[in-house]
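Take a look at the structure set out below.
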Amino acid sequence: MPELPEVEVVRAGLAPAVVGARITAVDVIDERALTRHPAGAADFVSRLEGARVAAAARRGKFLWLPLEGDEQALMAHLGMSGQMLLRVPDAAPERHERVRLHVEHPAHGRLAVVFSDQRTFGSLAVDELIDTPDAAPGGFGTPLARIPTQAAHIARDPLDTAFDDAGFIATVGRRSSAIKRLLLDQNLVSGIGNIYADESLWASRIHPETPGTRLSARAVRRLLGEVRLVLEKALAEGGTSFDAQYVNVNGQAGYFSRHLCVYGLAGQPCPRCGTPIRRVAFMNRSSHFCPRCQRLRKNSL
DNA sequence: TTTTATCCCTGGAGGC
DNA sequence: TGCCTCCAGGGATAAA
């Protein structure tokens with residue numbers, strides 16, 4: 001499931017192949033891949049054909065390719081199972097191929113950029129770029145203080161140098177929601193999904209259902225530090241792959257799953273204390289934690 | 001404003 | 001073998 005590290009691996013893989021390239025043609029195979037582009041497939045195609053890609057940018061789990069000399073960008077969210085694959089121009093269709101962009105790069109020649117998505121939670125759109133409220137770059141990979149309108153509402157991610165640590169700590173301290181719910185709230189901090197939320201909370205020894213109001217500023221600062229460490233380690237390993245749902249632009253898996261301490265490891269010993277990891281239902285998904293290292297305390301942490 | 005629940009979707013796993 | 005149910009989960013939206 002693509003979270004920040006996986007999306008960043010995709011962005012970094014796409015950048016050298018598409019920045020400076022011209023989009024020569026667009027095939028929309030399945031319109032469900034355009035749920036974020038309400039004007040429809042014909043409008044999507046007409047806005048892209050002939051355009052040149054100026055950059056490859058990302059904030060949290062949102063990825064976008066600003067178009068040169070224009071106020072628009074091709075925006076992508078990979079959802080649960082979306083993939084952006086680089087292929088030779090006449091490559092056979094992928095099993096769950098939804099959209100194919102034909103591009104021509106001045107150095108690399110013709111390429112196909114394939115958006116493939118099994119569960120169809122991902123989507124592409126051509127979106128307007130607007131100014132960022134803090135005048136800092138819109139995201140990683142671009143110096144411009146611009147962001148697609150559909151990504152403008154989400155917070156910066158923890159690896160963004162413009163991330164507001166103090167604002168995050170203060171907001172968490174005011175909210176009574178479970179800390180895991182707050183970590184998954186993209187309006188508060190972006191890029192974290194179920195895997196890295198569980199891993200960061202385990203590293204911080206915080207129970208996922210601890211209310212934000214029960215966490216001291218010091219505890220939230222420590223958690224933020226662990227979030228960054230986990231994300232950076234995952235990035236260095238190429239992201240987390242459990243199956244074919246996440247691969248980089250060349251179709252290769254990441255290796256961070258070898259380093260997971262709790263996620264998906266219910267019943268297995270905690271790497272720190274040996275107590276069996278517990279899995280509980282949480283927000284229509286799963287939480288994994290060590291019942292000994294991560295106790296739910298009544299007093300503040 | 002904050003919090004919580006529901007829905008969207010596909011394919012693999014497991015039970016019968 | 002075939003059918004059925006459950007499960008995975010990011011984000012938008014509605015409801016409380």
Side-chain angles (χ1 to χ4, degrees), chain A residues 1-8 10 29-38 58-64 75-84 93-99 115-125 127 147-155 157-158 167-168 170-201 208-215 227 231 234 239-247 253 257 260 262-267 277 279-288:
Chain A
M1 301 90 192
E3 301 182 28
L4 186 157
E6 292 77 34
V7 181
E8 176 53 28
V10 170
I29 296 105
D30 188 337
E31 281 211 46
R32 290 179 300 174
L34 302 182
T35 52
R36 290 179 182 272
H37 191 91
R58 178 197 56 76
R59 177 188 291 194
K61 304 170 196 172
F62 282 85
L63 178 70
W64 69 93
M75 197 202 68
H77 193 290
L78 303 181
M80 285 285 296
S81 53
Q83 301 173 343
M84 295 290 267
E94 298 294 321
R95 186 173 175 195
H96 301 292
E97 182 164 331
R98 310 295 182 192
V99 176
F115 178 66
S116 173
D117 188 13
Q118 181 203 99
R119 296 180 193 170
T120 68
F121 279 19
S123 179
L124 304 181
D127 197 7
I147 189 164
T149 62
Q150 294 186 50
H153 67 287
I154 70 162
D157 62 62
F168 174 76
T171 306
V172 168
R174 286 194 302 267
R175 302 275 288 267
S176 60
S177 285
I179 184 61
K180 179 163 175 185
R181 187 181 286 274
L182 297 176
L183 284 180
L184 296 176
D185 184 347
Q186 305 297 301
N187 299 303
L188 196 56
V189 54
S190 66
I192 305 171
N194 211 32
I195 298 172
Y196 299 118
D198 281 0
E199 291 298 312
S200 305
L201 288 165
E209 291 181 42
T210 308
T213 48
R214 211 178 286 169
L215 290 169
V227 166
L231 293 176
T240 303
S241 303
F242 293 111
D243 47 29
Q245 295 311 315
Y246 162 68
V247 292
S257 57
L260 294 174
V262 284
Y263 183 84
L265 300 173
I277 298 299
R279 172 186 170 274
V280 296
F282 183 80
M283 288 175 69
N284 272 348
R285 30 189 78 92
S286 297
S287 264
H288 305 80

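We name chains A, B, ... by the order of the sequence lines, and we start the count at 1 in each one. For the numbers below, each heavy atom of this structure counts, side chains included, while hydrogens, waters and symmetry mates do not.
The side chain of A/Arg32 has B/dC9 as its nearest neighbour among B/dT4, C/dA8, B/dC9. Ranking C/dG11, B/dT4, B/dC9 by closeness to the A/Phe121 side chain, first place goes to B/dC9. Side-chain proximity of A/His153 to the nucleotides C/dA8, C/dA12, B/dT3 is greatest for C/dA12. Of the candidates B/dT2, C/dG11, B/dT4, the closest approach to any side-chain atom of A/Arg181 belongs to B/dT4. Of all nucleotides listed (C/dG10, B/dT3, B/dT4), C/dG10 comes nearest to the side chain of A/Arg285. Between C/dA12, B/dC9, B/dG12, one nucleotide has an atom nearer to the side chain of A/Arg119 than all others, and that is B/dC9.
Distance CD (A/Glu31) to P (B/dC9): 14 Å, rounded to an integer number of Å.
No contact: A/Thr35 has no heavy atom under 4.0 Å from any strand. Looking at heavy-atom distances under 4.0 Å, A/Arg174 makes no contact with the nucleic acid at all.
Between the axis at the start and the axis at the end of the helix from B/dT2-C/dA16 to B/dC16-C/dG2 there is an angle of 50°, using five pairs per end and rounding to 10 degrees.
Under the 4.0 Å criterion applied to side-chain N and carboxylate O atoms, A/Asp117 and A/Arg32 are not assigned as salt-bridge partners.
Residue A/Ser81 places none of its side-chain N or O atoms closer than 4.0 Å to OP1 or OP2 of B/dC9.
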